[in-house]
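One structure below.
Please read all numbers here as calculations on a predicted model, not as lab measurements. Chain letters run A, B, ... following the sequence lines, proteins first and then strands; every chain starts at 1.
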Amino acid sequence: MATTQLASRYDPSAIETDIYNRWRDAGVLTADAHSDATPYVIVIPPPNVTAVLHMGHGLNNTIQDVLIRFERMRGREALWLPGTDHAGIATQNVVERLVADELGKRRQDLGREQFVERIWTFVHETGNTILKQLEAIGASCDWDRTRFTLDDEYSRAVLKVFVDLYHDGLIYRGHRVIHWCPRCLTALSDEEAEFRERDDHLFHIRYPVVTSAGERRGGAISPGGGEPPNRRLVDSIVVATTRPETMFGDVALVFHPDDERYRDLRGQTIRIPLTDVEIPIEVSPRVEREFGSGMLKVTPAHDPNDFEIAGELEGDYEMPVVIDAEGRMGHEPRVPEELRGLDRYEARERAVAMLEQEELLAKKEPYRHAVRHCYRCHTVVEPRLSDQWFVRMKPLATPALAAYRDGQLTFVPERWGAVYENWLTEIRDWNISRQLWWGHRIPAWYCDAPSCGHITVALDPPAACERCGGSVRQDEDVLDTWFSSWLWPFATMGWPNATDDLAKFYPGHTLVTAAEIIFFWVARMVMAGFYFMGERPFSTVYIHGTVRDTLHRKMSKSLGNGIDPLEVVSRYGADALRFTVVAGAPVGTDVILDPNDLETTFAPGRNFANKVWNVGRFILSNLDGPVVAPDRWDPAHFELADRWILSRVQRVIVDTTEALERFRLNDAANAIYHFLWDDLADWYVEQVKPRLYGDARGGEVARAILRNVFETALRLLHPIMPFITEELWQYLPQAREPLLAKAAWPRPKAPLVDDEAEDRFGRVQALVAAVRSVRAEYNVPPGTEIAAVVQPSSTDALEAFNAEQRTIERLAKLKHLTMDGAGEGAGAHQVLPDGSAVFVPLGNAIDVQKECARLRTETARLDGQLRGVRQKLQNEQFVNRAPADVVQREREKEQSWREQRETLTAKLHALGC
RNA sequence: GGGCGAAUAGCUCAGUUGGUUCAGAGCGCCUGCCUUACAAGCAGGAAGUCGGGGGUUCGAAUCCCUCUUCGCCCACCA
């Protein structure tokens with residue numbers, strides 16, 4: 001193929017789709033369960049089936065793809081297993097809105113069957129959107145193995161897990177206060193009910209005191225404590241609450257058993273304000289004496305804590321539910337008529353107004369506190385007494401904890417391990433039933449016979465009650481979405497069948513995700529992995545940061561601060577996107593991107609791609625002549641620059657490999673970036689040009705090295721920028737592997753590491769930079785060739801300058817570089833880091849004052865450095881205690897700076913400063 | 001209430017085991033260049049008392065304490 005035809009600007013959109021299809025058609029993406037290669041497995045965190053690609057996915061999946069491509073090139077049987085999650089509440093909400101918009105109907109109007117049918121249509125139409133979008137960023141997933149948590153086979157696994165856990169005694173049906181979303185009309189787990197700060201009020205309400213005979217009780221109620229709330233009124237007790245509307249569900253007031261203020265009140269009766277309901281005063285150690293008046297109202301049906309307290313009180317208490325499923329006041333006789341049917345917040349206002357009127361409101365103060373909200377719709381959760389299914393978590397947590405503690409499971413960065421450990425240690429039972437229609441329906445059947453009441457739990461619907469033979473009806477509820485996600489690492493591979501995939505690809509290796517779902521998903525996968533597979537599902541959990549805007553706010557649809565990855569791909573290319581997020585995502589930190597300035601954010605990545613493109617174009621178009629294979633290279637023909645670049649290559653191979661192994665993707669990106677741009681493009685390619693255009697043998701060597709170095713660079717860059725590297729690979733003559741995606745990862749060749757060459761070429765670079773600096777300072781036009789005289793500080797320096805004299809002259813645009821002594825006449829002076837001195841004769845153009853000033857500045861800087869290093873060397877403590885090599889290095893510095901200082905002094909004299 | 005993280009150039013951030021080759025990169029800014037791979041480029045340059053204070057050490061951006069400011073997670077004071 002003719003590289004000369006390649007455009008000078010890299011156009012990603014012209015090639016990306018083709019390249020991707022080529023990978024797919026060549027089977028690059030498909031893992032082989034029967035290969036001999038060691039497996040490497042990542043299971044994707046399955047995006048919600050309704051999701052559209054956002055930057056968080058962009059980051060998450062780019063990281064996974066970099067790791068997968070890296071290990072694939074290293075020869076492992078790499079499987080990246082993709083798929084989607086049915087996302088119960090989220091998806092149901094989306095389609096509910098859709099139905100409302102389309103038909104103006106609620107899901108209840110359609111009925112369960114029809115509504116679920118509608119969701120399936122939606123899923124079939126748009127469910128693979130996000131997976132298709134992942135292709136655009138180059139994700140090399142094994143699409144043949146795409147899974148969905150509601151696939152038949154997968155669903156079967158979910159139900160089996162429920163049945164097994166039930167029969168193992170780890171799933172039970174419980175009656176307790178759970179988190180309820182009055183908007184989604186379902187129960188939520190603790191994790192799904194997230195705390196958010198809210199500005200509310202704390203209401204101090206007077207509960208009228210009633211004697212046991214129904215008479216008012218007189219006299220002081222508290223001998224001491226100096227607490228004002230209850231002192232003034234002897235006929236009422238003040239209670240602080242944020243939720244006055246729940247008082248109709250109160251069953252008692254309680255105070256702390258040691259609270260002297262109320263000691264005499266125990267056993268007395270008070271009346272719920274605005275009602276005739278009388279309730280007792282009791283004690284509970286759970287009461288915080290310092291809070292409010294120290295008297296707590298107990299509302300067992302609408303507060304989990306109160307539920308516990310009521311359970312601990314002597315005697316049986318009813319637990320009246322006064323707020324219905326939709327968050328409205330109930331119609332119980334306990335609820336005042338004027339409040340019945342009102343929304344809980346309206347009811348709160350009305351109740352408070354009524355209390356005021358009755359002079360039963362002692363105080364109302366602003367109050368900021370954390371309240372649980374539905375994680376899907378952000379409605380304030382209503383604690384609610386109901387029957388739900390729970391998983392007993394403690395036994396499952398034990399091996400998951402052990403795995404972390406004995407190092408079988410590690411976190412990157414490590415600190416997240418503590419979060420994981422803490423959660424597992426404090427773990428509580430998991431409410432897994434959801435009052436939704438979209439999801440895995442719970443495989444439990446209730447006997448219709450009231451006298452029997454048996455529950456049959458089975459994988460397949462029973463014909464009749466297994467105890468009494470009577471008719472049964474299935475539980476209406478479905479399972480929490482996460483109850484299917486936690487099986488992802490093995491249910492995707494065909495569990496419970498003993499499949500080849502399970503044999504080959506379980507357990508997996510790396511899990512890449514954000515910290516937010518450590519509890520929801522990561523910890524639970526580990527538990528399920530141990531319980532059902534007997535092994536951890538992965539060995540490393542790599543936790544990456546969150547994508548935020550420049551104000552450090554999380555990118556979100558509602559804030560409108562998101563970035564559309566597809567727009568970035570079309571404007572800057574997938575590789576630019578990938579490079580930007582990888583280079584900007586050091587381990588453990590958030591990724592800050594500017595949604596208002598895509599240019600600033602992504603241009604550097606695009607520019608780098610363009611650089612790769614152009615250096616590639618140049619190199620490829622110069623490979624026409626004969627090329628010597630590496631195994632026939634004769635080092636005798638190498639120039640200094642050749643040895644230098646080959647040594648640099650070995651280092652960048654080591655650096656990149658180590659960085660990727662340690663999940664330091666940003667280090668890998670930077671290492672290869674600087675190698676390609678600085679070492680290869682700016683120096684080696686420039687150095688090599690005369691040989692390419694000139695002498696035959698030199699050209700042959702140069703071409704061989706150029707080809708080899710560039711080929712290695714493409715391999716190293718491929719995991720991060722797969723498209724452009726694959727495209728350029730296609731033009732590489734005689735590539736051993738037809739596709740870079742399946743090519744081998746480079747191994748460093750130790751004999752090519754050449755410290756001397758690196759040292760010497762470094763001196764050459766410094767000399768060129770010094771002359772360039774002089775040119776710039778004196779505005780010498782590029783066309784004007786000047787001469788320079790260098791005074792090498794050592795034989796090493798002399799040999800280096802001699803070896804690359806032609807390079808120095810070319811790159812510094814020198815007519816001639818003289819190698820000996822000091823120059824004559826007026827000119828500019830520079831001293832190199834190694835002590836070598838350069839003189840550039842500039843005749844009249846020179847400004848002696850300026851030169852003197854510059855040399856004095858230099859001298860002063862060196863004096864400062866010398867002072868520091870000498871102080872150190874004179875310090876016995878330092879010389880004695882610091883490691884020998886550190887001291888040695890300081891001595892070398894001192895010598896080098898002293899030499900530079902001497903050279904400068906001589907210059908100053910020569911100029912007559 | 002408990003825990004964690006961050007603060008380095010105008011901006012976004014590197015800086016792993018303390019050692020003036022670690023005070024850096026990219027962007028932005030200033031100067032000069034359309035030098036036949038690349039103006040999405042080349043060359044040169046200015047710019048930071050490493051959040052404040054204290055300590056450990058021969059030596060601190062790096063370790064310890066403390067304060068300030070942001071951010072996150074967990075949490076049954078209603």
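- Nucleotides B:A9 and B:G24 have their C1' atoms positioned 10 Å apart, rounded to a whole Å.
- Checking B:C38, B:A25, B:C76 against the side-chain heavy atoms of A:Arg428 singles out B:C76 as nearest.
- What separates CD1 of A:Ile563 from C1' of B:U12 is a distance of 12 Å, to the nearest Å.
- Side-chain atoms of A:Arg243 never come within 3.5 Å of backbone atoms of A:Arg348 as a donor-acceptor pair (strictly under, hydrogens ignored).
- Using a 4.0 Å heavy-atom distance criterion, A:Val287 is classed as a base contact.
- Residue A:Arg662 places its side chain closer to B:U16 than to any other of B:G44, B:U16, B:G41.
- Two rings, from A:Phe602 and A:Phe579, have their centers 6.0 Å or more apart.
- Remark: A:Tyr367 is not in phosphate contact with B:C77, judged by side-chain N or O atoms under 4.0 Å from OP1 or OP2.
- The interatomic distance linking A:Glu777 (CD) with B:G45 (C1') rounds to 9 Å, in whole Å.
- Here A:Arg368 does not pair with A:Asp200 in a salt bridge; the nearest charged N to carboxylate O distance is not below 4.0 Å.
- Using a 4.0 Å heavy-atom criterion, one finds that A:Ala681 contacts the bases of the nucleic acid, with or without backbone contacts as well.
- Among the candidates A:Leu593, A:Val591, A:Thr546, the single residue satisfying the side chain to side chain contact (heavy atoms under 4.5 Å, CB included) test with A:Met555 is A:Leu593.
- Counting only heavy atoms from C-beta on, A:Phe195 has its side chain closest to B:C76 among B:A14, B:C76, B:A78.
- Distance NE2 (A:His204) to P (B:A78): 12 Å, rounded to an integer number of Å.
- Side-chain proximity of A:Ala769 to the nucleotides B:A37, B:G44, B:C38 is greatest for B:G44.
- Taking the side chain of A:Ser8 as heavy atoms from C-beta on, and the options B:C38, B:G26, B:G44, the nearest nucleotide is B:C38.
- Heavy atoms from other residues, nucleotides or ligands lying under 6.0 Å from CD of A:Glu197 number more than 12.
- Nearer to the 5' terminus of RNA chain B, by closest-nucleotide assignment, is the contact made by A:Asp11 (compared with the other of A:Asp11 and A:Thr242).
- With respect to the salt-bridge test (charged N to carboxylate O, under 4.0 angstrom), the residues A:Asp759 and A:Arg763 qualify.
- If you check B:U31, B:A78, B:G5 against the side chain of A:Arg415, the one that comes closest is B:G5.
- B:A37 atom P lies 15 Å from atom CZ of A:Phe710, rounded to whole Å.
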According to the Watson-Crick and G-U wobble definition with distances under 3.5 Å, which dot-bracket string, read 5' to 3', encodes RNA chain B, using [ ] for crossing pairs and | for pairs with another strand? (((((((..((((.....[....)))).(((((.......))))).....(((((..]....))))))))))))....

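- Closest to the A:Glu288 side chain, of the nucleotides B:C77, B:C38, B:G26, is B:C77.
- Across the protein-nucleic acid pair, A:Phe602 atom CZ and B:G28 atom P stand 16 Å apart, rounded to whole Å.
- The phosphate of B:C11 has neither OP1 nor OP2 within less than 4.0 Å of any side-chain N or O from A:Thr600.
- Between A:Phe608 atom CZ and B:C27 atom C1' there is a gap of 16 Å when expressed in whole angstrom units.
- Distances were taken from every side-chain heavy atom of A:Lys689 (C-beta onward) to each of B:C76, B:A37, B:A75; the shortest belongs to B:A37.
- Within the structure, a side-chain polar atom (N or O) of A:Arg664 is placed less than 4.0 Å from OP1 or OP2 of B:G15.
- Remark: the separation of the C1' atoms in B:C63 and B:C27 is 33 Å, to the nearest Å.
- Considering only the side chain of A:Arg772, B:A43 comes nearest among B:A43, B:C72, B:A78.
- By the 4.0 Å N-to-carboxylate-O rule, A:Arg372 lies too far from A:Glu194 to be salt-bridged with it.
- A distance of about 11 Å separates the C1' atoms of B:C42 and B:C34, rounded to the whole Å.
- Atom C1' of nucleotide B:U35 and atom CZ of A:Arg775 are separated by 11 Å, given to the nearest angstrom.
- OP1 and OP2 of B:A37 both lie 4.0 Å or more from every side-chain N or O belonging to A:Tyr684.
- Comparing A:Ala240 and A:Asp190 by the nucleotide of RNA chain B that holds the closest heavy atom to each, the one mapping nearer the 5' end is A:Asp190.
- Rounded to whole Å, the P atom of B:G52 lies 13 Å from the corresponding atom of B:A7.
- Listed nucleotides: B:G41, B:C76, B:G45. Nearest to the side chain of A:Arg372: B:C76.
- On the P atoms, B:A14 is 15 Å away from B:G5, given to the nearest whole Å.
- With rounding to whole Å, A:Leu6 atom CG is found 14 Å from B:A37 atom P.
- B:C70 and B:G51: their C1' atoms are spaced 11 Å apart (whole Å).
- If you take atom C1' in B:G2 and the same atom in B:U62, they sit 28 Å apart, rounded to whole Å.
- On a pure distance criterion of 3.5 Å, a polar donor-acceptor pair joins the side chain of A:Glu686 and the base of B:A37.
- Within the 4.0 angstrom heavy-atom criterion, base atoms lie near A:Val615.
- Taking the side chain as every heavy atom from C-beta outward, A:Leu680 and A:Ile619 approach each other to under 4.5 Å.
- B:C38 and B:A43 are spaced 15 Å apart, taking the C1' atom of each and rounding to whole Å.
- Because its NZ or CZ atom is not both nearer than 6.0 Å to the ring centre of A:Tyr10 and within 45° of the ring axis, A:Lys611 does not count as a cation-pi partner of that residue.
- Between A:Tyr262 and A:Phe255, the ring planes are tilted. Angles from 30° to 60° get that label.
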